[in-house]
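These values consider heavy atoms only, across backbone and side chains, with no hydrogens, waters or symmetry-generated copies.
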Amino acid sequence: MDITSQLKKDKVNNDLDVRLAKKGDKNAFERIINDNITSMYRVATSILRHKEDIEDAIQNTIIKIYESIEGLRKDDFFKTWLIRILINECNKILRNKKKIIPMEEILHGEEVSGFNINNMDIYNAVNYLEDDLRIVTVLFYYEDLKQKDIAKVLGIKEGTVASRLSRARNKLYDILKD
């Protein structure tokens with residue numbers, strides 16, 4: 001079986017699982033979560049820094065999806081819907097933590113001046129981008145979302161997504177060129 005046939009088969013199975021999950025099939029729900037857990041982790045990691053926060057955001061997202069999946073209008077947009085909920089959960093955690101700065105971060109915080117570019121890989125470079133650039137980069141390059149879908153998920157204009165991707169590419173080039 002060639003790769004195109006396999007991708008089509010996977011898409012059909014995923015769509016079927018979404019429909020079954022909407023009807024209350026717990027096994028189908030578990031399959032769609034397992035199919036998307038890596039994407040969820042990548043997106044959450046691009047927004048949040050601490051493992052516990054990432055895990056909380058993913059857990060809260062799974063609960064919200066489970067409780068409201070029957071309200072999903074278009075099955076084709078399941079992944080976009082899931083990512084939007086995850087981003088909202090991550091942002092909620094950030095808002096709640098904004099007022100709290102742990103002493104460890106003050107004493108041992110990551111600083112740009114102590115940055116060793118020779119040991120950096122692309123993943124670390126992406127994580128070094130500002131939040132607005134990092135999230136569009138992860139959604140576009142790691143999650144293969146189209147710019148228009150990213151715009152919908154983030155609630156911004158498609159042109160803004162394009163300009164953020166361009167700025168992110170330039171910054172990544174500057175970081176990695178050495």
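- Between R164 and I150, every side-chain heavy-atom pair lies at or beyond the 4.5 Å cut-off.
- Here the CG-CE distance, from D35 to M40, works out to 12.0 Å after rounding to the nearest 0.5 Å.
- Closest heavy-atom contact between A125 and I175: CB-CG2, 4.1 Å.
- For the atom pair CD1 of I37 and CD1 of I32, the computed distance is 11.5 Å after rounding to the nearest 0.5 Å.
- The closest side-chain heavy-atom distance from Y142 to V126 is below 4.5 Å.
- Both L86 and L94 belong to a common hydrophobic cluster when Ile, Leu, Val, Met, Phe, Trp and Tyr are linked at side-chain heavy-atom distances under 4.5 angstrom.
- Atom CG of L129 and atom CZ of R169 lie 11.5 Å apart (nearest 0.5 Å).
- Proximity of K92 to N60: side-chain heavy atoms (C-beta onward) are nowhere separated by under 4.5 Å.
- You'll find the side chain of Y66 stays beyond 4.5 Å of the side chain of I33, heavy atoms only.
- Looking only at side-chain heavy atoms (C-beta outward), I63 and E67 come within less than 4.5 Å of each other.
- Looking at D131 and I47, their side chains never come closer than 4.5 Å, going by heavy atoms from C-beta outward.
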Intermediate values then yes/no, salt bridge (charged side-chain N to carboxylate O under 4.0 Å, His left out), D132 and R167: CA-CA 10 Å; D132 60 336; R167 285 195 342 246; 3.4 Å; yes
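- If you chain together hydrophobic residues whose side chains sit under 4.5 Å apart, I65 and Y41 fall into the same group.
- E130 and K171 are joined by a salt bridge, as a carboxylate oxygen and a charged side-chain nitrogen come within less than 4.0 angstrom of each other.
- A heavy-atom distance below 4.5 Å is not found between the side chains of W81 and K74.
- No donor-acceptor contact under 3.5 angstrom links the side chains of K152 and T80, judged on distance only.
- Tested against Q147, the residues L139, V136, L165 include a single side chain to side chain contact (heavy atoms under 4.5 Å, CB included) partner, L165.
- The CD1 atom of I54 sits 8.0 Å away from the SG atom of C90 when rounded to the nearest 0.5 Å.
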Checking R49 against N127 for the side-chain contact (heavy atoms from CB on, under 4.5 Å) test, could you report, in this order, the C-alpha distance in whole Å, the side-chain angles of both residues, the deciding distance, and whether it holds? CA-CA 9 Å; R49 296 290 184 214; N127 280 328; 3.8 Å; yes
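- Taking 4.5 Å as the limit, every side-chain heavy atom of F78 sits out of range of all side-chain heavy atoms of K22.
- Residues L72 and I87 share a hydrophobic cluster, clusters being chains of Ile/Leu/Val/Met/Phe/Trp/Tyr side chains in contact below 4.5 Å.
- R42 and Y141 form no side-chain donor-acceptor contact under 3.5 Å, judged by distance and modelled atom types alone.
- Separation of atoms CD1 (I83) and CG (L154) is listed at 10.0 Å; rounding is to 0.5 Å.
- Atom OG of S39 is separated from atom CG of L82 by 8.5 Å, given to the nearest 0.5 angstrom.
- Only one option out of D56, T61, I62 pairs with I58 in a side chain to side chain contact (heavy atoms under 4.5 Å, CB included); it is I62.
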